Protein chains: 2
Amino acid sequence: MRETQLENTSPLRKKVIPTALRAAVSSGTALLGSCGESFRSNRFDANVRAVSGSTRSPTLADVAEAAGVSLSTASLSFSGNKPVSEATRARVLAAAARLGYAGPNPLARNLRQGRSGVVGIAVGPLSTAFRDPAALPMLDAVSEVLGAAGLGLLLMGDDHARLPLDAVIYDICGRETWAAYDDLAAREVPLVVVEGPDWPGTTFVDIDHRAGCAALAAHLHELGHRRVALLTLEPSHPQREREAGVRDVFPDAHVIGACASDLAAAQDLVAAYLATGPDVTAVVCQSDVQAAAVVIEARRLGLAVPDDLSVAGFDGVATPWLDVELTTVVQPLAAKGRAVADAVLRRIDGEDVDDVVLPVELRIGDSTGPAVEPA
Amino acid sequence: MRETQLENTSPLRKKVIPTALRAAVSSGTALLGSCGESFRSNRFDANVRAVSGSTRSPTLADVAEAAGVSLSTASLSFSGNKPVSEATRARVLAAAARLGYAGPNPLARNLRQGRSGVVGIAVGPLSTAFRDPAALPMLDAVSEVLGAAGLGLLLMGDDHARLPLDAVIYDICGRETWAAYDDLAAREVPLVVVEGPDWPGTTFVDIDHRAGCAALAAHLHELGHRRVALLTLEPSHPQREREAGVRDVFPDAHVIGACASDLAAAQDLVAAYLATGPDVTAVVCQSDVQAAAVVIEARRLGLAVPDDLSVAGFDGVATPWLDVELTTVVQPLAAKGRAVADAVLRRIDGEDVDDVVLPVELRIGDSTGPAVEPA
DNA sequence: TTGTAAGCGTTATCAC
DNA sequence: GTGATAACGCTTACAA
């Protein structure tokens with residue numbers, strides 16, 4: 001564990017210190033040009049403020065006074081919430097520029113409006129959550145829709161209950177109790193739950209796990225498979241639904257064990273299982289990552305996929321490092337994300353929002369084939 | 001693009017509507033028990049409030065009055081910022097419980113204290129940023145340190161300049177201008193830049209790219225390699241430093257092209273290059289993901305690694321789906337994250353913070369071997 | 001240990 | 001189109 005902190009070795013990189021103000025004042029104009037367009041004006045503003053000697057940042061009241069207008073007019077000049085004559089507006093903005101006023105203080109606006117503009121998202125430990133490739137397209141869609149509405153996405157740990165959140169998204173598949181829930185419920189913070197537990201007062205967004213898995217199982221049955229094994233997730237709503245879907249077709253499916261959608265973990269589990277020489281012709285997994293682990297470990301043991309063993313996944317994510325195309329249940333990740341974000345926006349607006357269940361689709365790849373009885 | 005919104009098919013999942021209050025009031029006690037410990041008391045509080053008929057949420061002033069203490073005493077009872085006798089404190093908390101008061105309003109606290117408790121982190125498009133396995137351990141460390149300090153991490157898009165952020169982390173390797181910079185500078189929001197451009201007023205956290213790549217190149221040179229190719233990133237500070245490190249040893253290294261740490265993209269680029277039958281004995285990459293792409297494509301063309309071609313990466317992340325251990329430059333991802341978070345905390349406290357450059361370490365795996373001249 | 005009072009910097013509601 | 005004024009709900013000197 002080498003954490004030594006070296007001297008800065010790059011001669012090109014000059015050490016610049018705390019505030020933009022100090023940097024701008026102390027370094028002269030030589031530093032200009034390395035950043036965005038309007039940096040020049042910022043520097044100017046900072047200099048003006050430094051010169052004018054005022055210690056605290058200017059407020060809207062200062063701007064109003066400097067522009068010779070009322071506080072409300074100044075406010076409206078920035079917010080545009082009511083018409084202001086172009087002349088006065090220009091006067092206000094000029095005064096703001098002169099004073100180095102950077103716009104209305106978001107903290108004050110938030111208090112006044114009762115909203116923070118921030119939506120929390122609980123995803124569990126980041127490296128676990130985002131290692132799962134299925135998480136990202138959904139998060140992207142959420143972030144895009146909320147961002148367009150001016151809302152920020154805050155990654156919630158367990159210690160963020162005291163932050164001002166306009167809504168919270170719960171997306172920790174597999175965890176069914178949550179300490180922060182009580183706090184949020186008490187605050188009446190809208191909560192949108194993705195494939196999660198059935199908490200009161202929340203909006204759910206889900207996919208049709210059971211139908212998807214049943215369709216997948218039917219596909220295997222048609223191929224002649226009769227004895228299948230199941231790689232599962234930790235007990236949870238999706239897991240229960242999915243297992244039920246498989247058992248609609250294969251009531252006696254054998255459970256190998258449970259693990260997360262983590263390649264290494266799944267590999268360990270699968271390697272141990274395959275080493276027992278199990279009497280199955282197909283393995284159904286709960287994610288494409290798990291399925292990839294089965295493919296890799298099966299081959300390592302000399303089993304051909306799908307000739308000796310059929311393998312199916314779930315999610316429908318890309319696995320370019322695998323040279324078979326997985327048979328899988330494709331879930332509409334982006335649509336799920338958009339549905340979540342829409343639900344959030346509407347709940348923030350005080351609307352009633354119905355639960356959502358999105359359909360899934362079976363995609364047949366090269367990893368499943370006709371069942372072959374062991375010789 | 002099937003986004004049909006199905007009827008909710010699960011009979012177990014009951015539709016529950018907007019606020020926790022409404023749910024609690026309308027559903028009776030039957031819903032109890034599906035969530036955390038103190039849910040019972042929340043329900044109780046909500047009921048009390050509903051019964052008492054007050055339309056707006058109780059404030060600290062209401063609690064103070066109900067408890068028969070002053071506003072400041074009530075505040076202190078929650079914050080613990082100054083001693084309060086155990087008796088009065090109990091009285092205040094009891095009154096709070098009775099009124100269904102969920103604790104001090106964070107929005108008001110934030111305005112008063114001038115801090116939001118939120119740190120922005122700019123990482124670019126989420127699915128790009130987090131698809132890179134090197135991003136996660138760092139983000140995890142940042143999140144852990146900041147979380148322990150009660151700070152939340154907000155994923156910044158380009159439209160979040162209006163949110164109240166106590167500090168911002170810029171971690172978009174490769175993008176050298178940023179529209180939001182000017183706004184942040186004007187607001188004097190502390191900015192910590194990871195491996196990024198040299199903006200005034202910011203604190204930098206970096207690794208010793210050049211030394212790492214020079215060590216790697218020296219290793220290849222010792223193995224007899226003389227003609228090497230370079231897979232690069234888009235032009236950026238890290239890329240320039242790393243290339244310089246390689247050229248310290250191989251001044252004439254050939255550049256294949258630039259791409260992100262994205263397996264599929266790298267595969268395309270590399271496949272085209274290898275198809276030209278290039279005259280090199282080793283390929284140096286800027287990430288382990290890129291290196292994995294080279295290994296995969298080389299094999300696809302019948303080249304053995306490292307016998308016919310040596311391949312080196314950067315980052316030192318796990319690639320369990322690859323069956324060689326990559327020779328790579330290991331960067332201290334968690335330490336980098338901690339350094340970033342520490343810098344953020346200290347800048348928020350108003351401290352001057354020096355730039356940080358962390359050392360890297362060469363790890364020799366199975367993907368590099370002695371140079372073999374083409375027959 | 002407790003109470004009094006002064007903001008924090010906005011936006012929204014009214015009048016004009 | 002503009003201006004006065006009242007919140008928003010809290011924390012923190014300062015005084016008792």
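In this text, all values refer to a predicted model and were calculated from it rather than measured experimentally. Below, chains carry the letters A, B, ... as their sequence lines are ordered, and counting in each starts from 1.
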Interface residues of residues 104-112 of chain A with DNA chain D (non-hydrogen, below 4.0 angstrom): A:Leu111, A:Arg112

By a strict heavy-atom criterion of less than 4.0 Å, which residues belonging to residues 60-72 of chain B are in contact with DNA chain C? B:Val69, B:Ser70, B:Ser72

Polar side-chain atom of B:Asn105 near backbone of B:Leu107 as donor-acceptor pair, under 3.5 Å: yes

Side chain A:Asp166, main chain A:Ser116, donor-acceptor under 3.5 Å: yes

Less than 4.0 angstrom between a side-chain N/O of B:Tyr101 and OP1 or OP2 of D:dG9, yes or no? no

D:dT11 phosphate, OP1 or OP2, under 4.0 Å from B:Asn81 side-chain N/O: no

Can you tell me how far CD1 of A:Ile121 sits from CD1 of A:Ile169, rounded to the nearest 0.5 angstrom? 4.5 Å

Once you apply a heavy-atom cut-off of 4.0 Å, does A:Ser75 come out as touching a base, just sugar-phosphate, or nothing? base

Give A:Thr88 one of three labels, base, sugar-phosphate or nothing, depending on what nucleic acid heavy atoms sit under 4.0 Å from its own. sugar-phosphate

Against B:Phe204, only a single residue in B:Val194, B:Val356, B:Asp355 fulfils side-chain contact (heavy atoms from CB on, under 4.5 Å); can you say which? B:Asp355

With a 4.0 Å cut-off, would you call B:Arg56 and B:Asp62 a salt bridge? yes

Any salt bridge between B:Asp342 and B:Arg338, counting N to O under 4.0 Å? no

What residue pairs, at least two apart or across chains, pass side-chain hydrogen bond (donor to acceptor under 3.5 Å, both in side chains) with a residue in residues 66-75 of chain B? B:Ser70-B:Ser72, B:Ser70-B:Thr73

Can you label the angle between the A:Trp178 ring and the A:Trp199 ring as parallel, tilted or perpendicular, going by 30° and 60°? parallel

